[in-house]
**Q** 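Take this structure first; my questions come after.
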Amino acid sequence: MNVTSDQGEMIRFLDEQTLEVNLPNKLGYERIAMDCTASFARIVGFVPERISDLKTAVAEACLNAMEHGNRGRSDARVIVSMNFDGQTFSVSVMDEGEGIVELPEDPDIEKKIERLEPPRGLGIFLIRRLMDHVEFNKLSDQGNMLRMVLKMSRSH
Amino acid sequence: MNVTSDQGEMIRFLDEQTLEVNLPNKLGYERIAMDCTASFARIVGFVPERISDLKTAVAEACLNAMEHGNRGRSDARVIVSMNFDGQTFSVSVMDEGEGIVELPEDPDIEKKIERLEPPRGLGIFLIRRLMDHVEFNKLSDQGNMLRMVLKMSRSH
Amino acid sequence: MQQNEIRIEQRDSVTVLEIQGDITVFSEPFLNEAYTCASNQGAVKILLQFDGNAYINSGGIALLIQLLAKARTRDQEVAITGLSAHFKKIFHMVGITKFAKIYDTLQEALQKMS
Amino acid sequence: MQQNEIRIEQRDSVTVLEIQGDITVFSEPFLNEAYTCASNQGAVKILLQFDGNAYINSGGIALLIQLLAKARTRDQEVAITGLSAHFKKIFHMVGITKFAKIYDTLQEALQKMS
Ligand SMILES: Nc1ncnc2c1ncn2[C@@H]1O[C@H](COP(=O)(O)OP(=O)(O)O)[C@@H](O)[C@H]1O
Ligand SMILES: Nc1ncnc2c1ncn2[C@@H]1O[C@H](COP(=O)(O)OP(=O)(O)O)[C@@H](O)[C@H]1O
């Protein structure tokens, strides 16, 4: 739930299932968000394999928020909000940017090796492949948000 | 730095060395704060032994915030803010309570075994023994704050 | 939320409680049941074997102190193994070591206790 | 911030690059130097041995792709070992396995490559 305060900024209410990490925009600190999400997912009972998937997806989303969303600005923040409702583990990664202009195509390794395509461009592909559901360019009070979901049912 | 907004609530500015975790008041979730702090301390270069000390201190401070500060209220929050300035790693644990009325004496294991003293009452003792510096009952915009410091110099 | 699995095994004169998982306030029913069960079987030498990766907090240590208090009134000997270096240090700090010996390995504990 | 330690070792016909630490964009100078050094020594079969606990991200994988691209122009064979099950899966997903064989152990890699 979001409400707008008198000053026009948004105040986010955090509920009893929601945990938030607020990070400086510093390459390498995505590990902290990753370890924090993994810790939460472990407590609520996900199996190690799915936790590994989650860790990679969270790290990639944070890297994108830092590099593309916040354009490397050292005074910007990345906010990672996570929630488990008993069925669905969802992680939202927020940055202060405008969102993704165009969703990239899946990487083509042959083209990359032949140098017909840049070696980068793997993050969003991995996030989509590893998570059960992904939403891009959601509007949040912080700016742009990527939301990803892991379902408990899929053998934890 | 804290400033008061028009509505009287406080807005905290997070600087480039500061990372914050905002937790629901749920026993067991202190592990998440603990893992997050450990991840940060590892990145900035503390050795495993000191990271273990930090983990125990952070867990105990969070447990106290949940049980005593927030009195188990499920709608309360615990905020863990951590900062590294190149020399000093400091962790602040904030709750919505009034602070500690009286600092407890060091536990006496003989008395505990003879049941002349309750078995509990170890948390603050451990925090003080494990950290380089501890401050109690600091006022923060969230209410009560415990601040603890780990120094890099002490052989990391 | 959190559960422990505790296996009770008799090794000559020593009753080993092999405790899987974290030791926190949530361990109370598991630890108490295992201790009561061992005591009812007449255990006089009890070895608590922890999981070296366990997270142990002050709530869990308070449970151990209660167990040690009970064991003392029953003249049982309690020893501990399977602690990480960090928790060995913590147990020393709190003074647990005055009432329960800490051994580095199960083998060493069994040898010295019997 | 983050550093890698890379040891280069010749095992019969195979040049092993034993890479300690995470594989991210910060690995670029370390990985490039080790690869250049091995190539200058005339390596034709290169085995990248990762640390099973390493954190590898898309920035690190992009570096590997660049290394594989260079190796291809020089007719070098590149193989990989020391990956956790998770990163084996990731390397398959991305297609790295089309250009570098993944082996479960160093022994298996050395045996199959020579
Ligand atoms: N948070 C974001 N804000 C703005 N643009 C983004 C964001 N995340 C991704 N993008 C865009 O999508 C592209 C593909 O991202 P990705 O697949 O992670 O590969 P890479 O980061 O290596 O370019 C990026 O190059 C960028 O243009
Ligand atoms: N965050 C806090 N807010 C209010 N009181 C506190 C807080 N932390 C500790 N205390 C008080 O200090 C006492 C000692 O705490 P501690 O040494 O951690 O042992 P225990 O939590 O087992 O009682 C508590 O019983 C409580 O009265």
Side-chain angles (χ1 to χ4, degrees), chain B residues 24-38 41 46-68 72 74 93 104-131, chain C residues 1-4 21-32 35 46 48 50-80 83-102:
Chain B
N25 201 59
K26 198 163 171 174
L27 230 53
Y29 281 25
E30 76 279 4
R31 265 207 87 127
I32 303 170
M34 188 176 104
D35 289 340
C36 193
T37 319
F46 281 93
V47 296
E49 193 197 325
R50 298 245 71 202
I51 293 173
S52 295
D53 292 347
L54 186 63
K55 284 170 82 169
T56 287
V58 168
E60 295 302 326
C62 288
L63 287 169
N64 280 346
M66 291 172 182
E67 290 181 283
H68 305 302
S74 66
V93 177
E105 289 188 25
D106 282 357
D108 180 332
I109 187 79
E110 267 96 3
K111 286 198 184 140
K112 286 187 191 302
I113 295 284
E114 303 286 350
R115 294 197 176 102
L116 302 171
E117 180 181 301
R120 305 281 322 246
L122 305 167
I124 287 177
F125 168 74
L126 288 174
I127 294 171
R128 286 176 127 164
R129 289 290 296 267
L130 296 170
M131 295 292 98
Chain C
M1 187 172 74
Q2 173 221 312
Q3 304 221 325
N4 294 108
D22 299 337
I23 309 294
T24 71
V25 74
F26 296 112
S27 307
E28 184 156 20
F30 305 97
L31 208 59
N32 284 350
Y35 171 71
I46 298 174
L48 306 175
F50 294 107
D51 165 356
N53 295 316
Y55 154 56
I56 306 180
N57 66 26
S58 63
I61 298 176
L63 292 178
L64 294 178
I65 292 175
Q66 286 175 292
L67 189 154
L68 291 176
K70 283 188 231 162
R72 202 170 148 83
T73 64
R74 295 181 186 166
D75 278 329
Q76 292 161 326
E77 176 189 347
V78 180
I80 294 170
L83 290 179
S84 67
H86 175 66
F87 286 110
K88 267 187 221 164
K89 180 172 80 179
I90 298 283
F91 280 36
H92 266 106
M93 272 182 188
V94 173
I96 297 276
T97 41
K98 292 184 190 158
F99 298 93
K101 275 230 167 70
I102 295 180

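Reminder, nothing fancy here: chain letters follow the sequence lines and each chain counts from 1. The basis for the numbers below is simple: all heavy atoms, side chains too, and nothing from hydrogens, waters or symmetry mates. These numbers were taken from a predicted model, which means no experiment stands behind them.
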**Q** Which distance, rounded to the nearest 0.5 Å, do you find between the OG of C:Ser58 and the CG of B:Asn64?
**A**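 If I round to the nearest 0.5 Å, the distance is 7.0 Å.
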**Q** Near C:Lys101 NZ, under 6.0 Å, is it more than 12 heavy atoms from other residues, nucleotides or ligands?
**A**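 No, because the 6.0 Å sphere around NZ of C:Lys101 holds 12 heavy atoms or fewer from other groups.
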**Q** When heavy-atom pairs shorter than 4.5 Å are enumerated against chain C, which of B:Asp106, B:Asp108, B:Leu63 gives the highest number?
**A**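 Highest number of pairs under 4.5 Å: B:Leu63.
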**Q** To the nearest 0.5 Å, what is the distance between CD1 (B:Ile113) and OG1 (C:Thr73)?
**A**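 So the CD1 of B:Ile113 and the OG1 of C:Thr73 are separated by 10.5 Å.
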**Q** Pick from B:Arg115, B:Lys55, B:Lys112, B:Glu67: which one has the most heavy-atom pairs with chain C under 4.5 Å?
**A**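 Heavy-atom pair counts peak at B:Arg115.
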**Q** Quick one: closest heavy-atom pair of B:Arg31 and C:Tyr55, and the distance?
**A**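 B:Arg31 and C:Tyr55 have their closest heavy atoms at NH1-CB, 3.5 Å.
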**Q** Could you list the donor-acceptor pairs under 3.5 angstrom formed by side chains in residues 63-72 of chain C, with sequence neighbours left out?
**A**
| residue | atom | partner | partner atom | Å |
| --- | --- | --- | --- | --- |
| C:Arg72 | NH2 | B:Glu114 | OE2 | 3.3 |

**Q** So, for C:Val94 and B:Ile109, which heavy atoms are closest and what is the spacing to 0.1 Å?
**A**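 Heavy atoms only, the tightest pair is O-CB, 3.5 Å.
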**Q** How long is the span from the CG atom in C:Asn57 to the CE atom in B:Met34, to the nearest 0.5 Å?
**A**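 Here the rounded value is 8.5 Å.
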**Q** So which part of B:Glu30 gets closer than 4.5 Å to some heavy atom of chain C, the side chain, the backbone, both or neither?
**A**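 Contact with chain C involves the side chain of B:Glu30 alone.
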**Q** Taking the side chain as C-beta and beyond, is there a heavy-atom pair between C:Lys89 and B:Glu49 under 4.5 Å?
**A**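 Yes. Closest side-chain heavy atoms under 4.5 Å.
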**Q** Under a 4.5 Å cut-off applied to non-hydrogen side-chain atoms, are C:Ile90 and B:Leu130 in contact?
**A**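 Yes, close enough: below the 4.5 Å cut-off.
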**Q** Please classify the contact of B:Arg120 with chain C as side chain, backbone, both or neither, using a heavy-atom distance under 4.5 Å.
**A**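 For B:Arg120, the contact with chain C is made by backbone and side chain together.
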